[in-house]
Amino acid sequence: MASPFTAATTLSCTSSSWLHGFVGPTNEISKFPDKRIPMLVLAQKKAKKTRKIILKEDVTDLGKKGQLVDVKAGFYRNFLLPTGKAQIVTPGLLKEMRMEEERIEAEKKRVKEEAQQLALIFETVGAFKVKRKGGKGRQIFGTVTAQDLVDIIKAQIQRDVDKRIVSLPDIRETGEYIAELKLHPEVTAQVRLNVYAN
């Protein structure tokens, strides 16, 4: 029967040879023969498996097209990727997105400047004259509609304007009125109308 002492010595011999590969030669290990160094093992937290993606189209409860979002890897792999609704973010894709955003910003700036120039033209033209059949006093038959104003603008200054951007007061009498043209979300032109009866 083997004594516990011999088992411990064989274990220490095998562990010292195992330790030799990490620490160095055995003479360094033999300097501390009786001291035992406790090994401390730390458990790591479970890593969150998320992916940074760009949405190719609007996804309910997640985001809009072109938006950068973090989603769980399984949701991306099992739903977004097979349906083609998202794409993994890469440095090249980020650069392409930045260039696209700059192009869109430049286009928005250009459209706004054009709207400001058009507003300046409308305000310097003077009053647009609208002729209507007259009734008693200052009354006119019918009203002046947005389509009437669009037709007059087209005839006088050769500019196409959408009638949906025209805001007119209720015109049922002769006189001078001011109409508003919403040329851009930030640019509104005021146009004078001179309504007279023939």
Side-chain angles (χ1 to χ4, degrees), residues 51-71 76 80-81 83-198:
R51 300 282 184 261
K52 191 170 240 0
I53 61 163
I54 297 174
L55 295 175
K56 290 182 178 178
E57 56 186 71
D58 293 353
V59 178
T60 311
D61 299 330
L62 190 58
K64 301 224 178 266
K65 180 180 178 179
Q67 190 176 355
L68 288 171
V69 290
D70 288 325
V71 296
Y76 170 73
L80 296 173
L81 182 63
T83 57
K85 294 185 178 193
Q87 186 175 1
I88 291 275
V89 174
T90 61
L93 197 58
L94 281 175
K95 184 178 178 183
E96 188 178 303
M97 276 184 58
R98 264 189 251 111
M99 289 173 54
E100 182 68 18
E101 285 175 2
E102 289 172 2
R103 187 190 64 75
I104 289 171
E105 285 299 318
E107 179 69 19
K108 284 181 181 177
K109 186 176 179 183
R110 185 188 63 77
V111 167
K112 183 178 177 183
E113 287 174 357
E114 281 182 8
Q116 288 171 338
Q117 290 174 354
L118 192 58
L120 187 63
I121 290 171
F122 283 133
E123 290 171 2
T124 56
V125 162
F128 290 101
K129 295 180 179 162
V130 181
K131 185 168 45 172
R132 283 287 178 261
K133 189 173 181 183
K136 286 185 179 177
R138 296 183 56 200
Q139 295 287 322
I140 58 172
F141 288 111
T143 62
V144 178
T145 63
Q147 185 62 49
D148 294 331
L149 180 58
V150 168
D151 294 339
I152 292 166
I153 290 171
K154 174 85 171 159
Q156 289 187 11
I157 61 171
Q158 289 77 37
R159 294 283 182 162
D160 287 324
V161 177
D162 188 5
K163 70 178 184 177
R164 292 175 290 188
I165 66 168
V166 177
S167 173
L168 279 174
D170 190 28
I171 302 174
R172 294 188 181 275
E173 297 181 342
T174 58
E176 192 165 303
Y177 297 92
I178 294 183
E180 289 187 348
L181 303 174
K182 191 140 180 88
L183 302 170
H184 185 269
E186 299 172 16
V187 180
T188 303
Q190 292 191 340
V191 177
R192 287 186 296 136
L193 288 173
N194 193 356
V195 180
Y196 65 95
N198 58 348

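Values below: every heavy atom of this structure, side chains too, minus hydrogens, waters and symmetry copies.
Residue pairs satisfying the side chain to side chain donor-acceptor pair (under 3.5 Å) criterion with at least one member in residues 121-133, sequence neighbours excluded, are listed as follows: R132-D148.
Between L68 and L94, some side-chain heavy-atom pair lies under the 4.5 Å cut-off. For the pair L168 and T143, the minimum side-chain heavy-atom distance is 4.5 Å or more. When side chains are defined from C-beta on, E173 does not count as touching V195, because their heavy atoms never get closer than 4.5 Å.
Under the rule for a side chain to side chain contact (heavy atoms under 4.5 Å, CB included), the partners of I153 that lie at least two apart in sequence or sit in another chain are F122, F128, L149, I157, R159, V161, L181. Partners of E105 according to the side chain to side chain donor-acceptor pair (under 3.5 Å) rule, which considers only residues two or more places apart in sequence or in another chain, do not exist here. Residues satisfying the side chain to side chain donor-acceptor pair (under 3.5 Å) criterion with Q147, sequence neighbours excluded, are D151. Every side chain to side chain donor-acceptor pair (under 3.5 Å) that R103 has, sequence neighbours left out, goes to E100. K65 pairs by the side chain to side chain contact (heavy atoms under 4.5 Å, CB included) definition with D58, not counting sequence neighbours.
I165 contributes atom CD1, which lies 11.5 Å from atom CD of E180 (distance to the nearest 0.5 angstrom). Atoms CG and CD1, on L93 and I53 in that order, are 11.5 Å from each other to the nearest 0.5 Å.
The two atoms that bring I54 and M97 nearest to each other are CD1-SD, 2.9 Å, heavy atoms only.
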Applying salt bridge (Lys or Arg N to Asp or Glu O under 4.0 Å), run through R110 and E107 and close with a yes or a no.
-> CA-CA 5 Å; R110 185 188 63 77; E107 179 69 19; 2.4 Å; yes

